[in-house]
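Note that the coordinates shown come from a computational prediction; the quantities given were computed from them, not determined experimentally. All ligand and atom numbering here is 1-based and tracks the order in the structure.
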Amino acid sequence: MPYLKPERPEKVSAPSLIASKARGERMVCLTAYDYPTARIVDEAGIDVILVGDSLGNVVLGYGNTVPVTLEEILVHVKAVRRGVERALLVADMPYGSFHTGADDTVRSALRLVKEGEAEAVKLEGGQKRVKLVKRLVNEEIAVMGHIGLTPQSINQLGAYRVQGKTADAARRLLDDALALEDAGVFSIVLELVPREIARMITESVKVPTVGIGAGVHCDIQVLVFHDLVGMAFGKLPRFVREYANLRETITDAVTRWAEDVRNGTYPSEQESYGLPAEAAEELNIEIKKVKT
Ligand code: KIV
């Protein structure tokens, strides 16, 4: 069966996501880090594509997101950009790219937007990032916030745990969300937050919330692509639903190919090229007739 491109509704933008929330629509976001994945995800009609710093975990093999650099994100944003037409393309600001002052933050974000052609950037943190968010928005850069579990803080947190589990912590999360909205973000990631708190925040802000491990009430759901398709290693968090097991599929393909090579059945004559008759005659080489 030929693959048919689904109907392509209009291009997604930061304002169109806010309008979709106002209409009560549910939206979807996935990470992508390379051209083929970006094309597949975009053509499947996913609304937002995030080149997340989860790149460090799932593609580059770092133990966490802390080592990821701006240069690394940029290479992947450029690759993804070439594969995306409709979805909003968001680039993560990696750890260290917004920690040394507002001017450096703007410089980092501008590289992602100008060189990478991302349409928005995401940065982790709540009230303490308000000044930076305002500055970026002032420079015409669309910003996605990120609160709850912020993986770039792993060295302070010690472990990836659900955030906002006490009344005080939940109130702080709500204050973070309101402060980010006030600063001008167009959406806010809520990572590993109790569903009741995610709902309270979602109902308190006009910009869409982007939930990961935050329950069904968020306006947008996001997952890491490799988790969704079974290409990740190690124990998956409980919020991940695997819709495919590409690890098995790929292992099977690679194993069968290696077997065929070892037992001499790959490549067949149809899978290789023969010498033209004239050259064979001159070289005195006998040509076997290949059945087609
Ligand atoms: O880096 C990432 O992929 C993310 C999403 C999980 C929200 O921050």
Side-chain angles (χ1 to χ4, degrees), residues 14 17 27-34 37-38 41 46-70 72-77 79-80 84 87-98 108-109 112 116 118 120-126 129 133 142-154 157 160-164 173 176-177 180 185-193 198 201-202 207-215 218-229 231-234 236-242:
L17 290 174
M27 294 158 277
V28 276
C29 171
L30 269 179
T31 65
Y33 316 97
D34 57 37
T37 312
V41 167
I46 298 304
D47 304 297
V48 182
I49 296 182
L50 169 68
V51 183
D53 62 357
S54 49
L55 167 77
N57 303 77
V58 297
V59 174
L60 300 180
Y62 300 143
N64 58 48
T65 60
V66 174
V68 177
T69 65
L70 187 65
E72 286 168 335
I73 290 276
L74 201 47
V75 167
H76 290 269
V77 173
V80 169
V84 176
L88 180 79
L89 176 57
V90 183
D92 225 347
M93 297 199 64
Y95 182 65
S97 69
F98 57 96
S108 302
L112 296 171
V121 299
K122 173 170 87 56
L123 85 171
E124 293 186 5
R129 303 291 182 229
V133 171
V143 182
M144 177 182 272
H146 184 157
I147 57 174
L149 177 76
T150 48
Q152 292 175 9
S153 321
I154 184 63
L157 294 171
Y160 300 113
R161 288 196 196 88
V162 178
Q163 305 293 303
L173 277 181
D176 281 338
L180 287 173
V185 298
F186 72 90
S187 60
I188 305 169
V189 171
L190 303 179
E191 180 162 355
L192 273 192
V193 172
I201 293 173
T202 301
V207 297
T209 54
V210 188
I212 177 158
C218 296
D219 303 294
I220 304 178
Q221 291 293 328
V222 57
L223 277 181
V224 168
F225 176 81
H226 289 62
D227 292 345
L228 177 92
V229 300
M231 282 264 284
F233 296 82
L236 292 175
R238 68 191 260 184
F239 59 79
V240 172
R241 193 184 293 177
E242 260 189 11

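Annotation for ligand 1: atoms under 4.0 Å from non-hydrogen atoms of His146 are 8 (O). Taking every heavy atom of Gly52 and a limit of under 4.0 angstrom, the matching atoms of ligand 1 come to 1 (O), 2 (C), 3 (O). Near Thr31, with a cut-off below 4.0 Å to any heavy atom, the atoms of ligand 1 are 3 (O).
Remark: aromatic rings of His226 and Phe233 are distant, center separation not under 6.0 Å.
Once rounded to the nearest 0.5 Å, the distance linking CD of Gln152 with CG of Asn64 reads 10.0 Å. Here Ile147 contributes atom CD1 and Ile201 contributes atom CD1; the two are 4.5 Å apart, rounded to the nearest 0.5 Å.
Looking only at protein heavy atoms, the nearest one to atom 6 (C) of ligand 1 is Ile212 CD1, 3.5 Å. For atom 5 (C) of ligand 1, the closest non-hydrogen atom on the protein side is Leu50 CD2, 3.6 Å.
Residue contacts with ligand 1 for Asp92 involve side-chain atoms from C-beta outward but no N, CA, C or O (heavy atoms, distance under 4.0 Å).
Every heavy atom of Glu124 sits 4.0 Å or more from the atoms of ligand 1.
Between Asp53 and ligand 1, at least one pair of N/O atoms sits closer than 3.5 Å. Checked by distance only, ligand 1 and Lys122 come closer than 3.5 Å through their nitrogen or oxygen atoms.
Heavy-atom proximity to atom 3 (O) of ligand 1, evaluated over Gly148, Gly213, Ser54, is greatest for Ser54.
A side-chain N or O of Tyr33 and one of Thr31 form a donor-acceptor pair less than 3.5 Å apart. Using modelled atom types and a 3.5 Å distance limit, the side chains of Glu72 and Tyr62 yield a donor-acceptor pair.
Looking at Met27 and Val48, their side chains never come closer than 4.5 Å, going by heavy atoms from C-beta outward. With a 4.5 Å cut-off on side-chain heavy atoms, Val189 and Ile212 count as touching.
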